[in-house]
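All remarks here apply to the structure that follows.
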Amino acid sequence: MSRPGRDDSPDRLYTLTGGRSRSGPDNPFDLVTLVVAECDPVPGMQSEHAAILRLTERPTAVVEIAAELKLPVSITRILLSDLQAAGRVSARHPRKAAVPDPDILEQVLVGLRNL
Amino acid sequence: MDSATSETRTPLGASADNGLKIVVVGGFGAGKTTMVRSVSEIRPLNTEETMTQAGEAVDDLSGVRGKTATTVAFDFGRITLDAHNVLYLFGAPGQERFWFLWDRLFSGTLGAVVLVDTRRIDDSWYAIDRLEKHGTPFIVACNDFGGPTFTPQQIREALDLDPHVPLVNCDARSRESSKIVLITLVEHIQALYADPARAPRQELV
Ligand SMILES: Nc1nc2c(ncn2[C@@H]2O[C@H](COP(=O)(O)OP(=O)(O)OP(=O)(O)O)[C@@H](O)[C@H]2O)c(=O)[nH]1
Ligand SMILES: [Mg+2]
């Protein structure tokens with residue numbers, strides 16, 4: 001399996017994101033944020049944006065999008081925040097808490113036991 | 001770029017809205033990918049993250065353009081738990097350079113499985129040390145490679161393991177065995193948080 005991003009020259013990544021660095025702490029997209037398309041791809045759209053909209057017809061995690069597009073996670077996050085800013089995708093973020101919700105833990109156990 | 005989507009994708013249900021993380025760490029060849037594959041509903045996928053040596057500005061492209069960036073690859077699988085919850089299982093190396101990424105990438109993880117190959121116990125020291133520092137709940141699973149057998153006590157001593165940390169044997173090739181490992185971890189996490197005196201608090205990034 002070829003590793004994503006391996007063949008991407010920094011210049012290609014630079015072009016994809018316009019050289020911005022917006023995937024720092026203020027970028028809300030977690031690895032497991034589930035992304036959902038709010039519209040269909042439109043002609044003339046950047047091909048990565050179009051690919052993301054096709055992938056996210058059903059909820060799809062950021063990390064799956066990165067793997068499918070063969071792009072580093074950080075670059076994927078930037079593309080996603082662009083799409084979100086344009087209202088083209090919505091995001092279902094993981095429920096973050098300093099302590100996990102006991103109900104969620106119980107649901108995880110039930111789910112695992114039912115596997 | 002080749003075809004963006006593989007033909008065999010298994011989409012999630014439309015109501016999925018809560019992604020959860022469990023990380024499998026361990027030394028080179030300890031069986032991390034094997035365990036992810038055993039329990040995953042999708043073929044494990046591989047991706048990578050890049051960050052600067054300073055451990056910040058993940059996509060500081062000047063860092064990528066200069067040669068100061070570190071790239072860490074990891075694989076992952078997925079388990080749909082119910083209509084809302086989806087568990088992502090990450091297989092990540094235990095090596096030092098990986099831990100630059102830990103806070104950022106795996107913040108909010110429920111917990112970790114440390115996979116130990118008993119022929120190379122030392123490989124896990126660093127991972128255990130970092131997990132303890134980060135306050136991430138973890139269990140230790142010894143993967144049976146047919147090497148020398150040690151008593152649990154010998155392994156605990158070799159790893160300098162806190163007596164509260166569960167230690168189990170497993171065969172990462174077996175779905176049932178890997179499932180039991182995950183259940184053991186989540187039960188451990190439940191027990192930890194049920195006891196306020198012992199409950200860890202993870203830094204929220
Ligand atoms: N006997 C035995 N072999 C195993 C077990 N788990 C994994 N293996 C084998 O060990 C080899 C390495 O397993 P991987 O799952 O690739 O290990 P890994 O930790 O992902 O390796 P790296 O990502 O390269 O660090 C493979 O050939 C597996 O088939 C086990 O429980 N018992
Ligand atoms: Mg592997």
Side-chain angles (χ1 to χ4, degrees), chain A residues 1 3-6 10-11 13-14 17 19-25 30-34 36 47-48 51-52 54-55 57-61 63-64 66-75 77-78 92-100 102 104-115, chain B residues 1-2 4-6 9 11-21 39 42 45-51 56-62 64-65 71 73 76 78-82 84-88 90 105-108 110 175 179 182-183 186-187 189-190 193-194 199 201-205:
Chain A
M1 195 192 328
R3 287 198 164 141
R6 201 35 71 81
D11 286 332
L13 300 181
Y14 193 87
T17 60
R20 284 151 308 142
S21 47
R22 273 215 273 130
S23 117
D30 189 273
L31 279 186
V32 300
T33 293
L34 298 170
V36 188
S47 71
E48 281 76 12
I52 290 173
R54 281 191 296 270
L55 269 174
E57 275 170 33
R58 297 276 282 276
T60 307
V63 71
E64 285 183 83
E68 295 287 351
L69 295 185
K70 303 195 192 313
L71 286 172
V73 173
S74 50
I75 303 296
R77 285 193 170 115
I78 297 175
R92 303 174 183 174
H93 297 295
R95 292 162 208 157
K96 279 203 185 184
V99 167
I104 298 277
L105 283 180
E106 193 56 39
Q107 289 163 20
V108 172
L109 265 184
V110 169
L112 287 174
R113 288 188 181 125
N114 285 340
L115 278 186
Chain B
M1 188 168 67
D2 46 33
T5 60
S6 45
R9 289 191 69 244
L12 290 174
S15 59
D17 63 5
N18 192 34
L20 299 146
K21 286 175 259 196
V39 289
I42 57 170
L45 294 166
N46 184 269
T47 189
E48 65 183 28
E49 181 59 300
T50 307
M51 69 190 316
E56 56 187 23
V58 182
D59 66 325
D60 177 351
L61 290 162
S62 60
V64 177
R65 288 160 83 81
T71 296
F76 65 92
R78 185 180 86 193
I79 301 169
T80 298
L81 295 168
D82 55 41
H84 294 281
N85 297 304
V86 191
L87 176 62
Y88 286 85
F90 294 91
L105 208 51
F106 295 122
S107 84
L110 286 177
R175 178 179 162 87
K179 199 181 117 175
L182 295 180
I183 290 171
V186 179
E187 286 173 343
I189 296 167
Q190 263 188 336
Y193 287 110
R201 291 200 158 253
Q202 291 190 63
E203 296 278 323
L204 283 186
V205 179

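Every chain is numbered from 1 and lettered A, B, ... according to where its sequence line falls, protein lines coming before strand lines.
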- Query: What's the shortest heavy-atom distance between B:G19 and A:L34, and which atoms?
  - Reply: N-CD1, 4.3 Å
- Does the side chain of A:V32 come within less than 4.5 Å of B:R78's, by heavy atoms? no
- Item | A:R92 side chain reached by B:H84 side chain, heavy atoms, under 4.5 Å | no
- In Å and rounded to the nearest 0.5 Å, what is the CD to CG distance from A:Q107 to B:L20? 9.0 Å
- Item | Shortest non-hydrogen contact between A:P100 and B:I189, atoms and distance | CG-CG2, 4.4 Å
- Heaviest contributor of heavy-atom pairs below 4.5 Å to chain A, chosen from B:V186, B:L81, B:N18, B:V39, is B:N18
- Message: Under the rule for side chain to side chain contact (heavy atoms under 4.5 Å, CB included), what residues qualify as partners of B:E187, not counting sequence neighbours?
- Response: A:L109, A:R113, B:I183
- Message: Within the structure provided, determine whether A:V63 and B:F90 are in side-chain contact (heavy-atom separation under 4.5 Å).
- Response: yes
- Query: Does B:Q190 use its side chain to pair, donor to acceptor, with the backbone of A:P102 at less than 3.5 Å?
  - Reply: no
- Flag the pair A:L31 / B:E49 as yes when at least one side-chain heavy-atom distance between them is below 4.5 Å, and no otherwise. no
- Interface residue of largest heavy-atom contact number with chain B, from A:I104, A:I52, A:T33, under 4.5 Å: A:I104
- State, with a plain yes or no, whether a side-chain heavy atom of B:L110 is found less than 4.5 Å away from one of A:L105. yes
- Query: Minimum heavy-atom separation for A:P59 to B:G13, with atom names?
  - Reply: CG-O, 3.4 Å
- Item | Contact origin within B:I79 toward chain A - heavy atom pairs under 4.5 Å | side chain
- Message: Under 4.5 Å from any heavy atom of chain A, what part of B:N85 do you find: side chain, backbone, both or neither?
- Response: side chain
- Note on the structure: To the nearest 0.5 Å, atom CG of B:L182 lies from atom CG of A:L115 at 8.5 Å
- Item | Part of A:E57 lying under 4.5 Å from any heavy atom of chain B | neither
- Message: On a heavy-atom basis, which atom in A:R58 and which in B:A14 lie closest, and how many Å separate them?
- Response: NE-N, 4.0 Å
